[in-house]
Amino acid sequence: MKKIIYLLTTCSFVLLLGACNDVEVDGDMTLEDIMNGSISAMEELNSYAMEMEMEQTIDLSDDESMTMNMSSVSEVHQDPMILFQTISMDMLGETLSYESYFSEEHGFFMEDPMMGGWMKYPDSLVTEIIDIETQMSPEEQLKPLMEYITDVSLSSDDDFYTLNLAGEDVDMQAFFEEINGMFGEGMDELETFMPDMTIDELQYEIVIDKETLYQTATNVHMVLTMEMLGETLSTTQNIKMKMSKFNEIESLVIPEDVINNAVEMSETDLFGF
């Protein structure tokens, strides 16, 4: 599960590695040295915390728009792998907040934000996520995106490196088809629900601590165009992530009452088929 946890930040690094070779950027350090070193440092972490804020604005017809805000606080502990997350969403004047837990031993549990109580997702879904993760690394998954990166830059001060990359006109349907080909069977059903989507703008900023090479912040700006139900929708997403408490979380435990009282859900319960 480590690669899933680090997917967002590793995605950007893989793209940068494809766009820049061994350019020297800081003394004897090359851009590739910094990124590979940071990936290794993050994968060796025993625990960390992450705060995320996301604002998504969907432009509708007739000059109308809809905005959704989401924030989350996560704590992750490895060996055994346990994730605890608190999520809050604000949309159309309504606020929903809930907690969730995930462990490879016990599975995925989510608090019902409407009715209260806890739900346990079917083990088949958790197994599929783990199987997909073990079949293909983020490096392989993101190779199709490399050609879209048009601008890469790096700046630094006394304490931090700041990496920036930008791209445009990413055909997500073509990207998904390449991913489907890499996986072989098993992704066709998901393709049915994949909207016709293009990333018109993509900007990534990653802040790396010079001493530890830990990624302390990631900022993402995306503008997407989607074709759904015969209509064209434009969506702008701004995501800010901060990471902290590196190796400071000694343990995480899923409460016994959550494990014992959660209602087990089937795929039919969740998806209606």
Colleague: Would you list the pairs meeting ring-ring contact (aromatic ring centres under 6.0 Å, His included) in which at least one residue belongs to residues 219-238, sequence neighbours left out?
Modeller: none
Colleague: Of the non-hydrogen atoms in M241 and N219, which two are nearest, and what is the gap between them?
Modeller: N-OD1, 4.3 Å
Colleague: Can you confirm whether D257 is buried at CG, in the sense that more than 12 heavy atoms of other residues, nucleotides or ligands lie under 6.0 Å from that atom?
Modeller: yes
Colleague: Nearest 0.5 Å, please: how far is CG in L224 from CG in D200?
Modeller: 7.0 Å
Colleague: Please list, chain by chain and in numerical order, all residues satisfying side chain to side chain donor-acceptor pair (under 3.5 Å) with T57, sequence neighbours excluded.
Modeller: T67
Colleague: Output side-chain donor-acceptor pairs under 3.5 Å for residues 68-75, partner residues at least two apart or in another chain, one line each.
Modeller:
residue, atom, partner, partner atom, Å
S74, OG, Q85, NE2, 2.9

Colleague: Only counting residues at least two apart or in another chain, list the ones meeting side chain to side chain donor-acceptor pair (under 3.5 Å) with T232.
Modeller: E227
Colleague: Got a sec, which residues hit side-chain contact (heavy atoms from CB on, under 4.5 Å) with F108, two or more places apart in sequence or on another chain?
Modeller: S100, F102, M110, Y121, V126
Colleague: Out of curiosity, does M89 fall in the hydrophobic cluster containing V220 (side-chain heavy atoms, cut-off under 4.5 Å, transitive links)?
Modeller: yes
Colleague: Quick one: does I34's side chain get under 4.5 Å of L154's, heavy atoms only?
Modeller: yes
Colleague: Nearest heavy-atom pair of K245 and A49: which atoms, and what distance?
Modeller: CD-CB, 3.8 Å
Colleague: Applying side chain to side chain donor-acceptor pair (under 3.5 Å), can you list everything that pairs with S244, at least two apart in sequence or on another chain?
Modeller: none
Colleague: Is there a side-chain contact between E104 and I82, using heavy atoms and a 4.5 Å cut-off?
Modeller: no
Colleague: H106 and Y101: side-chain contact (heavy atoms from CB on, under 4.5 Å), yes or no, with the steps?
Modeller: CA-CA 9 Å; H106 296 292; Y101 289 92; over 6 Å; no
Colleague: Kindly indicate whether the side chain of K242, heavy atoms from C-beta on, has any atom under 4.5 Å from the side chain of E53.
Modeller: no
Colleague: For F109, what residues pass the ring pair (Phe, Tyr, Trp, His ring centres under 6.0 Å) criterion, not counting sequence neighbours?
Modeller: none
Colleague: T236 vs M222, test: side-chain contact (heavy atoms from CB on, under 4.5 Å). Steps then yes/no.
Modeller: CA-CA 6 Å; T236 301; M222 286 193 297; over 6 Å; no
Colleague: Decide yes or no for M54 and N238: does some side-chain heavy atom of the first lie under 4.5 Å from some side-chain heavy atom of the second?
Modeller: no
Colleague: Just to verify, what does M115 make a side-chain contact (heavy atoms from CB on, under 4.5 Å) with, not counting sequence neighbours?
Modeller: D112
Colleague: What about M265 and Y98, same hydrophobic cluster or not, with Ile/Leu/Val/Met/Phe/Trp/Tyr joined at side-chain heavy-atom distances under 4.5 Å?
Modeller: yes
Colleague: Of all residues at least two apart in sequence or in a different chain, which pass the side-chain contact (heavy atoms from CB on, under 4.5 Å) check with T95?
Modeller: S88, D90, S97
Colleague: Holding to ring pair (Phe, Tyr, Trp, His ring centres under 6.0 Å), I want the full list of residues that pass it with Y214, two or more places apart in sequence or in another chain.
Modeller: F246
Colleague: If every non-hydrogen atom of L213 is compared with every non-hydrogen atom of A41, which pair is closest and at what distance?
Modeller: O-CB, 4.1 Å
Colleague: With I58, which residues qualify under side-chain contact (heavy atoms from CB on, under 4.5 Å), at least two apart?
Modeller: Q56, L60, M66, L233, T235
Colleague: Tell me who clusters with V207, hydrophobic residues only, linked when side chains sit under 4.5 Å apart either directly or through other members.
Modeller: F160
Colleague: Check for a donor-acceptor pair, side chain of H77 on one end and backbone N or O of E250 on the other, with a separation under 3.5 Å.
Modeller: yes
Colleague: What's the separation between atom CG in N260 and atom CD1 in I254, rounded to the nearest 0.5 Å?
Modeller: 11.5 Å
Colleague: Which heavy atom of Q78 sits nearest a heavy atom of L45, and at what distance?
Modeller: CG-O, 3.6 Å
Colleague: Ignoring hydrogens and geometry beyond distance, is a side-chain donor-acceptor pair present between S47 and N247 at under 3.5 Å?
Modeller: no
Colleague: With side chains defined as the heavy atoms from C-beta onward, is the minimum distance between D159 and D209 less than 4.5 Å?
Modeller: no
